[in-house]
Asks: 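There's a structure below that I have some questions on.
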Amino acid sequence: MTYTLPKLNYAFDALEPYIDAQTMEIHYTKHHQAYIDKLNEALSKHPEITSDVEDLVKDLASVPEDIRIAVLNHGGGYLNHKLFWEIMSANPQKEPTGKLAELIDTTFGDFKAFKTAFAAAAISRFGSGWAWLVVNPDETLEILSTANQDNPISDEKTTLLGLDVWEHAYYLKYQNRRAEYIENWWNVVDWKSVEENFVQ
Ligand code: MN3
């Protein structure tokens, strides 16, 4: 199976001023493409693999040992960025509604408290990684962060919302100001898309 860049549903400058066009273009055409190229290169060594990359990352133990780390890093990189582009929009639904909104309120207090806790997880991730809102197997919500391109689906969790806190995601515009990047990012998070992930 060969992977290609998933379609971006908006222009590189659509998320300005919160995410600048140059960062979007480099992030999508260079970084995301590089994960895909390295994923394809790894998978080409095992043409017998028919599972899709999501199933491989969910069950890393099933991946041949010689490409396991490559699937973790580059399969994760492929999936993480795919989700990241999908949950952002130039015309976002600014807050969750319905059952997801209720669950966020009962789990974290209210939407504001959720955002504070999520930002704390994103800020405190040391080095490169991601912050996540996930659903656990027992259907509870959880905020967590992962290092590198690790994806919570490897721990039986379902990802609803992910924030890239690698420096390549924000350095051109925000330099060392990760907290400001996170604060501005909320302006482009599309809760309609997050809710679709929740329903699934
Ligand atoms: Mn990235």
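As the structure lists them, so they are numbered: ligands from 1, and atoms in each ligand from 1. These values consider heavy atoms only, across backbone and side chains, with no hydrogens, waters or symmetry-generated copies.
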Asks: Answer yes or no for H168: is there an N/O/S atom below the 2.8 Å cut-off from the Mn ion (ligand 1)?
Replies: yes

Asks: Closest N/O/S atom of D164 to the Mn ion (ligand 1), by atom name?
Replies: OD2

Asks: For residues S89 and N91, is any side-chain donor paired with an opposing acceptor at under 3.5 Å?
Replies: no

Asks: Between the side chains of D37 and H74, does any donor sit under 3.5 Å from an acceptor?
Replies: no

Asks: Tell me the closest heavy-atom pair linking L15 and M24, and the distance in Å.
Replies: CD1-SD, 4.2 Å

Asks: Can you check whether L43 reaches L56 side chain to side chain, under 4.5 Å on heavy atoms?
Replies: yes

Asks: For the Mn ion (ligand 1), does an N/O/S atom of H31 lie at less than 2.8 Å?
Replies: no

